[in-house]
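Beneath this line is the structure, given in structure tokens, with notes to follow.
Each residue takes its place number in the sequence, starting with 1. A quick note: this is a predicted structure, and the numbers were derived from the prediction, not measured.
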Amino acid sequence: MADALQELLGPVRAAVQQYDMIGENDRIAVGLSGGKDSAALLAALAALRRFYPIPFTLTAITLDPCVGGRETDFSPLTDWCASLGVPHIIRRTRLWEIVFEERKEPNPCSLCSRMRRGVLHRAAKEEGCRSIALGHHRDDAIETLLMSLFYEGRFHTFHPKTYLSRTGITAIRPLCYLPEYHVKHMVQELNLPVVKSPCPANGETKRQEMKELMQALRKRYPDAPDRFLHALQSDKQYDLWQKE
């Protein structure tokens, strides 16, 4: 297990240092959704906290969409956070009710994502956190780029570190160098708790279409994901992942 954790920590520490994600005595809110990505993120940051030369603290925040008006059982996450010495905050919301019942959104993920960000930012600020760590990995960045290209006609994806001036929050993505298969493997190796997403749109989204497209590309061009990552890091024309 120690070897698996070290394997996870290497790319995470490289990303944190490359993009200067953590400052002196930062209080970082970790968006802990219950999925594999956020579980790997919290495990990595909790381990990094023990030896990183810059001191920082962590608070895990979970948003419950309350699907069907029912509260989700996040007790496995709460118990795990306690074992890590990380406070776990759960915010019960009306996300499912608003998105699926009141608005009946044809593209529910877009509205839900915006609303979740708003709730997460408010919760982080209430807990005294000015940084939010999100579990987006390398494949998420590539899929976002493809979605932007095919649905918006532009080259755009999220940055590893983004200052959000409207909220005063800085979003960081320490998993940005890790491929999804690596994250899955680490979650299994470390036996991390995962709570299945209750979202009715899970697996039926535009992002899922891009995931399937990348799978098809990878069969013909095995190094395609690495090429995409290199382009994000070095393409000065579009300045996608250039360090400010």
Side-chain angles (χ1 to χ4, degrees), residues 1 4-5 8 27-47 49 57-105 108-129 131-137 140 169 171 173-175 178 180-205 207-208 211:
M1 182 175 292
L5 190 57
L8 175 64
R27 301 181 67 178
I28 302 173
V30 180
L32 186 63
S33 66
K36 61 178 176 25
D37 304 332
S38 61
L41 172 65
L42 181 59
L45 290 179
R49 179 186 55 176
T57 61
L58 299 170
T59 298
I61 300 179
T62 299
L63 306 184
D64 184 1
C66 295
V67 174
R70 297 183 298 273
E71 295 185 356
T72 306
D73 179 14
F74 290 113
S75 57
L77 299 185
T78 301
D79 293 343
W80 178 48
C81 287
S83 72
L84 297 174
V86 175
H88 185 211
I89 309 299
I90 300 174
R91 287 285 188 271
R92 309 293 181 182
T93 73
R94 293 179 57 241
L95 284 170
W96 180 86
E97 181 183 352
I98 293 171
V99 173
F100 290 97
E101 290 197 331
E102 294 182 5
R103 296 284 294 271
K104 295 181 172 58
E105 284 289 313
C109 297
S110 178
L111 175 62
C112 184
S113 178
R114 292 197 303 271
M115 293 179 64
R116 288 175 68 88
R117 284 198 299 269
V119 176
L120 183 58
H121 294 168
R122 287 195 296 273
K125 293 181 75 172
E126 289 171 5
E127 296 301 319
C129 301
S131 293
I132 295 179
L134 304 173
H136 298 133
H137 46 65
D140 286 327
I169 292 286
R173 297 173 170 89
L175 300 185
L178 282 164
E180 185 175 22
Y181 72 83
H182 194 162
V183 174
K184 289 181 179 178
H185 177 67
M186 289 299 101
V187 169
Q188 293 173 351
E189 285 291 306
L190 297 171
N191 194 28
L192 302 181
V194 173
V195 176
K196 181 177 174 58
S197 171
C199 177
N202 193 38
E204 300 180 7
T205 63
R207 182 170 295 278
Q208 182 62 30
K211 192 181 297 292

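Using a 4.5 Å heavy-atom threshold, the side chains of Phe74 and Leu32 count as separate. Put simply, the side chain of Leu192 does not reach to within 4.5 Å of the side chain of Leu42, judged on heavy atoms. Between Gln208 and Lys211, some side-chain heavy-atom pair lies under the 4.5 Å cut-off. Residues His137 and Lys36 are in side-chain contact: their nearest non-hydrogen atoms beyond the backbone lie under 4.5 Å apart. Using a 4.5 Å heavy-atom cutoff, the side chains of Val30 and Ser38 are not in contact.
Listed by chain and number, the residues in a side chain to side chain donor-acceptor pair (under 3.5 Å) with Arg116 amount to none (sequence neighbours excluded). In this view, Asp73 and Ser75, Pro76 satisfy the side-chain contact (heavy atoms from CB on, under 4.5 Å) rule, not counting sequence neighbours.
Between Ala40 and Leu8, the shortest heavy-atom distance links the atoms O-CD2, 3.6 Å. Between Trp80 and Ala39, the shortest heavy-atom distance links the atoms CH2-O, 3.2 Å. What you find for Ala133 and Leu45 is that their closest heavy atoms are CB-CD1, 3.7 Å.
Taken to the nearest 0.5 Å, the OG1 atom of Thr59 stands 10.0 Å off from the CD1 atom of Ile28. To the nearest 0.5 Å, the span separating CD on Glu71 from OG1 on Thr93 amounts to 10.5 Å. Summarising the geometry, atom CZ belonging to Arg117 is positioned 9.5 Å from atom CG belonging to Leu134; distances are rounded to the nearest 0.5 Å. In this structure, His182 NE2 and Leu175 CG are separated by 10.0 Å, a value rounded to the nearest 0.5 Å. The structure places CG of Leu63 at 10.5 Å from CE of Met115, a figure rounded to the nearest 0.5 Å. The CZ atom of Arg173 sits 10.0 Å away from the CD1 atom of Ile132 when rounded to the nearest 0.5 Å.
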Under 3.5 Å, which donor-acceptor pairs link side chains of residues 85-92 to any protein atom two or more places apart or in another chain?
| from | atom 1 | to | atom 2 | distance (Å) |
| --- | --- | --- | --- | --- |
| His88 | ND1 | Thr78 | OG1 | 2.8 |
| His88 | NE2 | Thr62 | OG1 | 2.7 |
| Arg91 | NH2 | Glu126 | OE1 | 2.7 |
| Arg92 | NH1 | Asp64 | OD2 | 2.6 |
| Arg92 | NH1 | Thr72 | O | 3.0 |

_Derivation and outcome, side chain to side chain contact (heavy atoms under 4.5 Å, CB included), residues Leu58 and Cys81_ = CA-CA 10 Å; Leu58 299 170; Cys81 287; over 6 Å; no

_Is there a side chain to side chain contact (heavy atoms under 4.5 Å, CB included) between Cys129 and Ile61? Walk through the geometry before answering._
CA-CA 11 Å; Cys129 301; Ile61 300 179; 5.7 Å; no

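Between the side chain of Arg207 and the backbone N or O of Asp140 there is at least one donor-acceptor pair closer than 3.5 Å.
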